[in-house]
Amino acid sequence: GKVYTFVLRNDVYFHANEDFGKNKTRKVVAKDFVYSLNRIKDPKIASPGLWVLDGVASYQAINDTVLEIKLKEPFPAFLGLISMKYCSVVPKEVIEKGDFNTTPIGTGPFYLKYWKSNIKMVFRKNLLYFEKDKKGKKLPYLEAININFKTEKHIEFSEFLLGKLDFLEGINDTYKDELINSNGELNKKYANKYVMIRKPYLNTDYLCFYLNNNKAIDSNLRKAIAYGFDKVKMIKYLRNNIGYAAIGGFIPIGMEAYSKDIGYEYNPELAKEYIKTYLKENKKLPLIKLTTVQNYQDLCEYIQGQLSQIGLPIEIEILPPAILKENKSTGKINLFRLGWVADYSDEENFLSIFYSKNFSPLGPNYSHFKSLEYDILYENSKKTTNKAERIKLYKKMDQIIMQELPVIPLYHDEVVFFLSKSIKGFDVNSINLLNLKNVYKE
């Protein structure tokens with residue numbers, strides 16, 4: 001589990017560029033990956049993806065077609081990690097001679113033809129692209145892609161309805177009720193013109209408790225909150241049924257280690273019992289303040305309203321995103337809303353949030369949750385190359401989180417696209433990376 005040997009294709013070429021010389025392109029070889037990984041580590045570049053290589057001991061080009069990467073210790077999620085965009089292969093010649101920020105060169109199905117910042121971006125078909133469809137026809141099908149940048153969602157929506165845009169991504173409050181009904185289905189008046197595509201997104205939105213001070217919210221009250229509001233209704237009325245109520249664990253739907261029966265479903269009577277248990281040991285309820293940003297004010301006010309009905313009043317505090325980021329990282333707030341989106345498709349990505357060595361501000365453990373049992377399971381899972389055994393460890397870890405409750409999962413989101421019916425071959429993936437190589441337009 002420590003040595004990865006990659007045998008490269010021999011028919012992959014960089015996008016054409018004058019900096020390659022007379023032929024304007026060349027074949028991708030193993031030393032290009034060595035250069036690209038070295039670039040991530042270059043302190044002058046200050047890459048935000050440097051952490052991807054934390055577990056890498058060494059890498060080398062054995063020859064033009066064989067790349068070897070050695071890890072410091074086994075890490076089964078490594079293939080997902082190394083496939084992140086940070087590690088995309090780039091050519092030394094173009095980076096050293098040109099302005100790579102404005103003229104990026106890669107190997108993908110489309111190359112950048114034109115870019116005017118914040119206004120327009122145009123991609124053209126890469127005639128050198130190596131992949132073919134099942135019938136042997138070269139990909140991609142599309143001749144060009146035109147991207148317009150719109151800062152106002154209502155303008156984007158209007159242009160989509162006028163046919164100036166071929167697809168619309170996501171749900172926004174400005175057009176949510178116009179496009180879809182309360183069941184999350186496309187409204188009938190648009191059914192003949194558009195197609196709606198939905199798939200689980202590897203994401204968990206949650207409430208996070210900061211546990212590392214004497215003002216930490218008591219476990220009885222954390223459980224009262226977890227049982228005290230209806231997540232199913234929350235998704236239905238605030239999100240038009242887009243997403244899934246998080247009534248299971250922290251790991252989202254769509255992953256093998258997802259457990260649907262370890263979470264907290266709405267149970268107001270049980271929530272009241274936990275409040276009574278707390279009051280037996282304490283004279284009165286503490287002041288509980290839920291901190292969020294304006295975009296999630298309606299969701300937090302829904303939770304506030306439901307908790308008031310079981311006798312647990314909470315206050316809502318709205319902060320600018322930058323201040324919330326600072327306060328959650330430094331432990332200045334005790335309860336706040338967060339969202340976690342997977343960087344790669346492995347459960348470890350979600351469970352690292354609760355590893356004690358990842359305490360914020362140096363890591364994503366904003367709750368400062370600490371459990372020796374959890375840490376041992378987490379460390380063992382990183383060394384377990386057998387997938388079935390690793391899934392068992394992931395499930396145990398998720399169960400500990402739900403028992404100790406440093407967080408309350410709210411919902412798991414969905415990737416949502418609205419497309420003109422003339423668009424064919426469009427598909428989405430669970431980490432919402434746009435891939436248009438199989439798309440064509442009738």
Asker: Does any N or O in the side chain of N203 come within less than 3.5 Å of the main-chain N or O of D413, such that one atom is a donor and the other an acceptor?
Answerer: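 Here the side-chain-to-backbone pair exists.
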
Asker: side-chain contact (heavy atoms from CB on, under 4.5 Å) with E317: which of L290, I333, T292?
Answerer: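 Exactly one option meets the side-chain contact (heavy atoms from CB on, under 4.5 Å) with E317, and it is I333.
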
Asker: Using the salt bridge (charged side-chain N to carboxylate O under 4.0 Å, His left out) criterion, which residues pair with D166? Sequence neighbours excluded.
Answerer: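 Here the qualifying residues are K441.
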
Asker: Decide if atom NZ of K233 counts as having more than 12 heavy atoms of other residues, nucleotides or ligands within a radius under 6.0 Å.
Answerer: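 No, NZ of K233 has 12 or fewer neighbouring heavy atoms, counting only those of other groups under 6.0 Å.
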
Asker: Strictly below 4.0 Å, N to O, side chains only: are D346 and R390 in salt-bridge contact?
Answerer: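 Looking at R390 together with D346, the answer is yes, because their closest N to O distance falls below 4.0 Å.
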
Asker: Can S352 and N358 be counted as having a side-chain donor-acceptor contact under 3.5 angstrom?
Answerer: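 Short answer, no.
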
Asker: Test the K328-F336 pair against the cation-pi criterion, namely NZ or CZ under 6.0 angstrom from the six-membered ring centroid and within 45° of the ring axis.
Answerer: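 No, cation not above the ring by the 6.0 Å, 45° rule.
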
Asker: Using the benzene-type ring in the case of Trp, are the ring centres of Y302 and Y237 under 6.0 Å apart?
Answerer: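 No: the rings miss the under 6.0 Å criterion.
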
Asker: Run the salt-bridge test on E265 and K231 with the 4.0 Å N-O cut-off and return the result as yes or no.
Answerer: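 No, no charged N to carboxylate O under 4.0 Å.
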
Asker: Should the pair E73-K383 be classified as a salt bridge under the 4.0 Å nitrogen-to-oxygen rule?
Answerer: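 Salt bridge: no.
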
Asker: Do Y175 and F157 have ring centroids that are under 6.0 Å from one another?
Answerer: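 They qualify: ring centres under 6.0 Å apart.
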
Asker: Is the Y194-F160 ring centre distance short of 6.0 angstrom?
Answerer: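 Ring-ring flag for Y194/F160: true, centres closer than 6.0 Å.
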
Asker: Sequence neighbours left out, what pairs pass ring-ring contact (aromatic ring centres under 6.0 Å, His included) with at least one residue falling in residues 376-397?
Answerer: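 ring-ring contact (aromatic ring centres under 6.0 Å, His included) check on residues 376-397 returns Y355-Y378.
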
Asker: Under 4.0 Å between a Lys/Arg side-chain N and an Asp/Glu carboxylate O for K135 and D133?
Answerer: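 Salt bridge: no.
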
Asker: Less than 4.0 Å between a side-chain N and a carboxylate O, is that true for K153 and E156?
Answerer: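 Between K153 and E156 there is a salt bridge, with a charged N closer than 4.0 Å to a carboxylate O.
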
Asker: Take atom NZ in K325; do more than 12 heavy atoms of anything else shown fall under 6.0 Å from it?
Answerer: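 12 or below, so no.
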
Asker: Going by the side-chain contact (heavy atoms from CB on, under 4.5 Å) test, name the single residue among P200, S345, P252 that passes it with S430.
Answerer: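 It is S345; the other options fail the test.
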
Asker: Determine, for E159 against K150, whether the closest basic-nitrogen to carboxylate-oxygen distance falls under 4.0 angstrom.
Answerer: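 Yes, charged N to carboxylate O under 4.0 Å.
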
Asker: Tell me whether K199 is salt-bridged to D427, with the criterion being a basic N under 4.0 Å from an acidic carboxylate O.
Answerer: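 Looking at D427 together with K199, the answer is yes, because their closest N to O distance falls below 4.0 Å.
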
Asker: Knowing that exactly one of I253, V415, V428, V416 qualifies, which makes a side-chain contact (heavy atoms from CB on, under 4.5 Å) with Y201?
Answerer: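 Between Y201 and the candidates, side-chain contact (heavy atoms from CB on, under 4.5 Å) is satisfied uniquely by V415.
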
Asker: In sequence, state the C-alpha distance, the side-chain angles, and the governing distance for L207 and L335, and then conclude on side-chain contact (heavy atoms from CB on, under 4.5 Å).
Answerer: CA-CA 7 Å; L207 300 182; L335 176 59; 4.0 Å; yes

Asker: Is the NZ or CZ atom of K424 both under 6.0 Å from the centre of the six-membered ring of Y440 and within 45° of that ring's axis?
Answerer: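 No, K424 and Y440 do not form such a contact.
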
Asker: Does the gap between the ring centers of F418 and F167 come in under 6.0 Å?
Answerer: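 Not close enough - the centres of the two rings lie 6.0 Å or further apart.
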
Asker: Is there a side-chain hydrogen bond (donor to acceptor under 3.5 Å, both in side chains) between E414 and Y244? Walk through the geometry before answering.
Answerer: CA-CA 8 Å; E414 286 183 278; Y244 305 89; 3.2 Å; yes

Asker: Apply salt bridge (Lys or Arg N to Asp or Glu O under 4.0 Å) to residues K189 and E178 and explain how you reach the verdict.
Answerer: CA-CA 10 Å; K189 69 177 181 177; E178 172 66 18; 2.7 Å; yes

Asker: Of all heavy-atom pairs between N240 and N181, which one has the smallest distance, and what is that distance?
Answerer: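 It is ND2-O, 3.4 Å.
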
Asker: Verify the ring-centre separation between H368 and Y210: is it less than 6.0 angstrom?
Answerer: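 Yes; H368 has its ring centre under 6.0 Å from that of Y210.
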
Asker: Which label fits Y227 and Y274: parallel for a plane angle under 30°, tilted from 30 to 60°, or perpendicular past 60°?
Answerer: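 Ring orientation of Y227 relative to Y274: parallel.
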
Asker: On the ring face of Y111, is R124 found with NZ or CZ under 6.0 Å from the centre and within 45° of the axis?
Answerer: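 No, cation not above the ring by the 6.0 Å, 45° rule.
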
Asker: Could you tell me whether D173 and K176 have a side-chain N and a carboxylate O separated by less than 4.0 Å?
Answerer: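 Looking at D173 and K176, the cut-off is met.
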
